[in-house]
Amino acid sequence: MTPGKRAAKRKTAWVAWLTVGLIVAGCVAVGVLNTDGDTTVPAPAADERADSVAILQRTSTEQGLCYGWALEDYYDYGAAPRNVGSNLGDGIAVEENPACPRWVQVTANVGYVSDSSESNDFARIEVTGSPDIDTLDLVRVENGLERLGLTEDVFVDDPGWAVTRAAVMLPLLAVEAGLAEPADTPVPAAGSPSPLPDAGSDYLRDRWGWLLATVGLLLLAALFVTVGVVQRGRERQRRVAVPAQRAGAGAAGRTREKA
């Protein structure tokens, strides 16, 4: 083999090894980046948003106070919230909305960290309101959410469900804080059917035949006992009366003979 052919062969081998190294490095880099998992904060499901809007529409109309929610991604800097909603509809916020002069909103700011990070996922919950609402009252509402079980851990586990659940709790907590009057109690519709009578015990309904047979046997047994007692009493009376009559008849016969 000539020196030129040897040099060309070494160059080809070097290029091949370099290509293999770059491919392996790329695969390793992709694998490392994909092990951190998805850190996107999930938005509420469609049914959760629709149900929450319907509830808030009823309470807002009765109380004269708007309610809403906002879900934000802590690490999504400068981006729009993951989801907002209110009694005005899904995707419509109440904050600084001309249609809602008085409003209360719960905001959940959730941060998910990568699996390789030593930090923990977290959530920051805040209740805000229109300028005419006192800050202390908003703090009471915010503390009420945690009292009702909507803690930061719940928001971390399921932020979409938690933020909509917190929103429908706002009317109740607003009443407790004195921000709104209680909603009117629903009145039953006219002509509504009266309650059904008590159906009775299932025990009696399922075993009525057996119970009737048992009662009949008990009555029959009582009749037999009564007849037996009566007959036994009459038999005793006969046995006592017959010897007494015989003894009296013998005594009378001897007296007549002596006379």
Side-chain angles (χ1 to χ4, degrees), residues 29-56 60 65-100 102-131 133-174 176-177 179:
V30 171
V32 170
L33 293 176
N34 288 339
T35 56
D36 285 349
D38 188 9
T39 59
T40 303
V41 177
D47 58 339
E48 294 172 343
R49 301 194 302 268
D51 293 343
S52 300
V53 169
I55 294 173
L56 295 179
S60 177
L65 186 64
C66 292
Y67 300 100
W69 74 84
L71 177 61
E72 299 178 353
D73 191 333
Y74 181 83
Y75 292 109
D76 197 1
Y77 299 105
R82 292 286 297 149
N83 179 251
V84 295
S86 65
N87 57 281
L88 301 177
D90 183 17
I92 303 177
V94 294
E95 186 175 6
E96 299 180 357
N97 192 320
C100 290
R102 298 186 73 241
W103 54 270
V104 176
Q105 175 178 283
V106 55
T107 301
N109 200 332
V110 182
Y112 288 155
V113 299
S114 61
D115 295 339
S116 59
S117 175
E118 296 181 357
S119 301
N120 296 323
D121 301 336
F122 62 89
R124 303 289 183 265
I125 315 304
E126 184 182 13
V127 175
T128 55
S130 52
I133 298 178
D134 189 82
T135 303
L136 184 59
D137 293 332
L138 297 175
V139 172
R140 292 195 185 100
V141 174
E142 185 176 317
N143 294 336
L145 293 175
E146 186 172 0
R147 175 167 50 86
L148 294 175
L150 293 170
T151 62
E152 292 184 1
D153 292 338
V154 176
F155 280 87
V156 170
D157 292 339
D158 194 346
W161 177 87
V163 73
T164 52
R165 182 66 177 176
V168 298
M169 291 291 111
L170 290 178
L172 173 63
L173 297 174
E176 290 184 355
L179 300 177

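Every heavy atom of this structure was used, including side-chain atoms; hydrogens, water molecules and symmetry mates were not.
A distance of 10.0 Å separates CG in L170 from CG in L138, rounded to the nearest 0.5 Å. Note that CE of M169 is 10.5 Å distant from OG1 of T164, once rounded to the nearest 0.5 Å.
Taking every heavy atom of both residues into account, E48 and S52 meet most closely at O-OG, 2.8 Å. Across all non-hydrogen atoms, the minimal contact from V113 to S119 is CG2-O, 3.3 Å. Across E95 and W103, no two heavy atoms sit closer than the pair CG-CH2, 3.5 Å.
Residues I133 and R102 are in side-chain contact: their nearest non-hydrogen atoms beyond the backbone lie under 4.5 Å apart. By the 4.5 Å heavy-atom criterion applied to side chains, L179 and V141 are counted as neighbours. Considering only heavy atoms from C-beta on, P171 comes within 4.5 Å of L56 through its side chain.
Residue pairs meeting the salt bridge (Lys or Arg N to Asp or Glu O under 4.0 Å) criterion with at least one member in residues 161-170, sequence neighbours excluded, do not occur. The side-chain hydrogen bond (donor to acceptor under 3.5 Å, both in side chains) pairs that include a residue from residues 120-131 are S130-D132, where partners are two or more places apart or lie in different chains.
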In residues 152-161, what donor-acceptor pairs under 3.5 Å come from side-chain atoms, sequence neighbours left out?
from, atom 1, to, atom 2, distance (Å)
D158, OD1, W161, N, 3.4

Show me the donor-acceptor pairs, under 3.5 Å and distance only, between side chains in residues 66-76 and residues at least two apart or in other chains.
from, atom 1, to, atom 2, distance (Å)
Y67, OH, Q63, OE1, 2.4
W69, NE1, N83, OD1, 2.8
E72, OE1, N109, ND2, 3.4
D73, OD1, Y75, N, 3.2

Could you go through residues 142-150 and list every donor-acceptor pair under 3.5 Å that involves a side-chain atom there, pairing it with any protein atom two or more places apart or in another chain?
from, atom 1, to, atom 2, distance (Å)
E142, OE1, V127, N, 3.2
N143, ND2, V139, O, 3.3
R147, NH2, E176, OE1, 2.8

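For R82, there are no side-chain hydrogen bond (donor to acceptor under 3.5 Å, both in side chains) partners two or more places apart in sequence or in a different chain.
Screening L88, D90, V84 against S86 for a side chain to side chain contact (heavy atoms under 4.5 Å, CB included) leaves a single residue, L88.
In terms of modelled atom types and a separation under 3.5 Å, the side chain of T39 and the main chain of S114 share no donor-acceptor contact.
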